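What follows is a set of notes on a single structure, which appears directly below.
Being a predicted model, the structure only gives us computed values, none of them experimental. So you know, we letter chains A, B, ... as the sequences are listed, proteins then strands, and number each from 1.
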There are 2 protein chains.
Amino acid sequence: MREREKEKTGTTEVALKILKAARGVFAEKGYSGARMDEIAGRAGVNKATLYYQIGDKDTLYAGVIHQVLGDVAGKIATAVSMAGHPREKLAAYIEVIDAAVDSNPELPPIMLREVASDGTHLPRVVLEDMAQVVTILAGIIEDGKKRGVFTEVSPFFIHCMIMGTILMYKKAATIKDRQPWLPAGMKNLDKKLKGSAGQAVARLVLRALDKQ
Amino acid sequence: MREREKEKTGTTEVALKILKAARGVFAEKGYSGARMDEIAGRAGVNKATLYYQIGDKDTLYAGVIHQVLGDVAGKIATAVSMAGHPREKLAAYIEVIDAAVDSNPELPPIMLREVASDGTHLPRVVLEDMAQVVTILAGIIEDGKKRGVFTEVSPFFIHCMIMGTILMYKKAATIKDRQPWLPAGMKNLDKKLKGSAGQAVARLVLRALDKQ
DNA sequence: AGATGGTTTAACCAAATGGTTAAATATCTG
DNA sequence: CAGATATTTAACCATTTGGTTAAACCATCT
């Protein structure tokens, strides 16, 4: 029995290779556009191995979702708890999301498509994580309101604003940069962005919530 | 020859029925998830009729895109030109987008998926329309900056913020409302939204851009 | 070395899918 | 009404796709 790897990590090396390939293909093509053959091929593995190691397409996709969205909620929670003032907490909240997106290029397309299809493929755990994240944001805003630094706003709406802006910007920017016919002036319309997209979002959202 | 309809409108009644069905299916399932048989079935038409009236899947999808995103750019342009002050222009800009989304439930999923797949299926015309829209926004912001009412920001980024927020909110809200296990407090986290989503976006974006 | 059992693979399969065809059915014109 | 043309349809087809199988491969233990 050569289960040494499985015993230690819970996942074999081959399984990780497959997951990584799948992440890429699902991100590029979406669930129904992704082909099991292509995933196997990109992982450098026979298709039967894929089925042996992981299971059917649904299971594979669930694994990818877990890999991509698995620990974001936790990271947000800890980062927020480290900050003190509501404004810092909100900035941390946004920064963690931006960092997650930055370190994971597959996140935006997968998440955008999930939202587009009403989160039908999202496992309950992930939805609960998201709910918890919004609850954290609600706490930050509530606190800020009490301390007189934030105006009254809907936390759910603000969360959509943060996520929507970051996801949309990440992808739209690459689309824009891909159009050879665009005049240079147009292409530089966001080069003046000071700092990361996350910082830009934080700056604008904080201004928007600022009590005068 | 019964081309009376085609001669007048350029599109027959059957073709419109098919386009409408296709819009729904593409919105729900995405390009690769959509099945020609289902579209034909939902249109109450034989599949061969679909091919006779419209053509292959690509052509059909192009038709849907045209139907969904066709005249948004134009509407934005005229609405903005009607307003006078930069703040009013920006509000009009946002309101038109929100109205387009509201009167067209298929727009958000289709657009989100397009962005997710790097706009690969978007015809050049549509991309040019979008570029024009951002140019309009750049004009508004530039004017506002000169008049000392707006801060310095990237128009492209602000456009992503507006689109991202509206699209994300529209879909995320329906996802949230579908989760029976969510506590009522969570579900009401955005019921306090004063007015439409568009108005909420306008309020926040204007606050964010406001020079103090 | 040989037996054991986990792992990989080439070949295979049934179902689904985009697209076509030839015949049937309306519709219009003279 | 008859002929011509436009439109719809049932049946069909080639290919793709998710998934399986039986045999080969390989690390380990005795």
Value in whole Å for how far the [atom2] atom of [N] lies from [atom1] of [X]:
X	N	atom1	atom2	answer
A:Tyr31	D:dT17	OH	P	14 Å
B:Asp37	C:dG19	CG	P	11 Å
A:Glu38	D:dG18	CD	P	10 Å
B:Lys47	C:dA16	NZ	P	13 Å
B:Asp58	C:dG19	CG	P	7 Å
A:Tyr51	C:dG6	OH	P	23 Å
A:Met36	C:dA15	CE	C1'	16 Å
A:Ile54	C:dT7	CD1	C1'	14 Å

Quick one: pull up CD1 in A:Ile166 and CE in A:Met161 and give me the separation to the nearest 0.5 Å.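 With rounding to 0.5 Å, CD1 (A:Ile166) is 11.5 Å from CE (A:Met161).
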
For A:Ala15, which contact category applies under a 4.0 Å heavy-atom criterion: base, sugar-phosphate, or nothing?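 Nothing, no heavy atom under 4.0 Å.
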
So B:Ala40, base contact, sugar-phosphate only, or nothing? Heavy-atom distance under 4.0 Å.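 Nothing, no heavy atom under 4.0 Å.
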
base_contact_polar (D:dG19 base, A:Lys57 side chain, donor-acceptor, <3.5 Å):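 It does not, because no donor-acceptor pair links the side chain of A:Lys57 to the base of D:dG19 below 3.5 Å.
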
Any donor-acceptor pair, under 3.5 Å, between the side chain of A:Asn46 and the base of C:dA10, if you only look at N and O atoms?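 Per atom types, the contact qualifies.
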
Under-4.0 Å side-chain N/O to phosphate OP1/OP2 contact, A:Gln53 with C:dT8: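 So the side chain of A:Gln53 is within the cut-off, an N or O lying under 4.0 Å from OP1 or OP2 of C:dT8.
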
Below the 4.0 Å mark, does D:dT7 have OP1 or OP2 next to a side-chain nitrogen or oxygen of B:Thr49?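 No, because none of the side-chain N or O atoms of B:Thr49 sits under 4.0 Å from OP1 or OP2 of D:dT7.
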
Any chance the side chains of B:Thr174 and B:Asp177 put a donor and an acceptor closer than 3.5 Å?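 There is no such pair between these side chains.
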
Taking atom types as modelled and ignoring hydrogens, do the side chains of A:Thr59 and A:Asp56 form a donor-acceptor contact shorter than 3.5 angstrom?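 Judged by distance alone, the side chains do pair up.
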
Any donor-acceptor N/O pair, A:Lys176 side chain to A:Asp190 backbone, under 3.5 Å: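 Side chain of A:Lys176 to backbone of A:Asp190: no pair is present.
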
Of the candidate nucleotides C:dT8, C:dT9, D:dT8, which contains the atom at the shortest distance from the side chain of A:Val45?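 So the side chain of A:Val45 is nearest to C:dT9.
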
Pair A:Asp98, A:Lys170 - check salt bridge (Lys or Arg N to Asp or Glu O under 4.0 Å), show working. CA-CA 10 Å; A:Asp98 184 60; A:Lys170 273 275 150 37; 3.7 Å; yes

Between A:Ala48 and A:Arg35, which residue's closest nucleotide on DNA chain D lies nearer the 5′ terminus?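 It is A:Arg35, whose closest nucleotide lies nearer the 5' terminus.
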
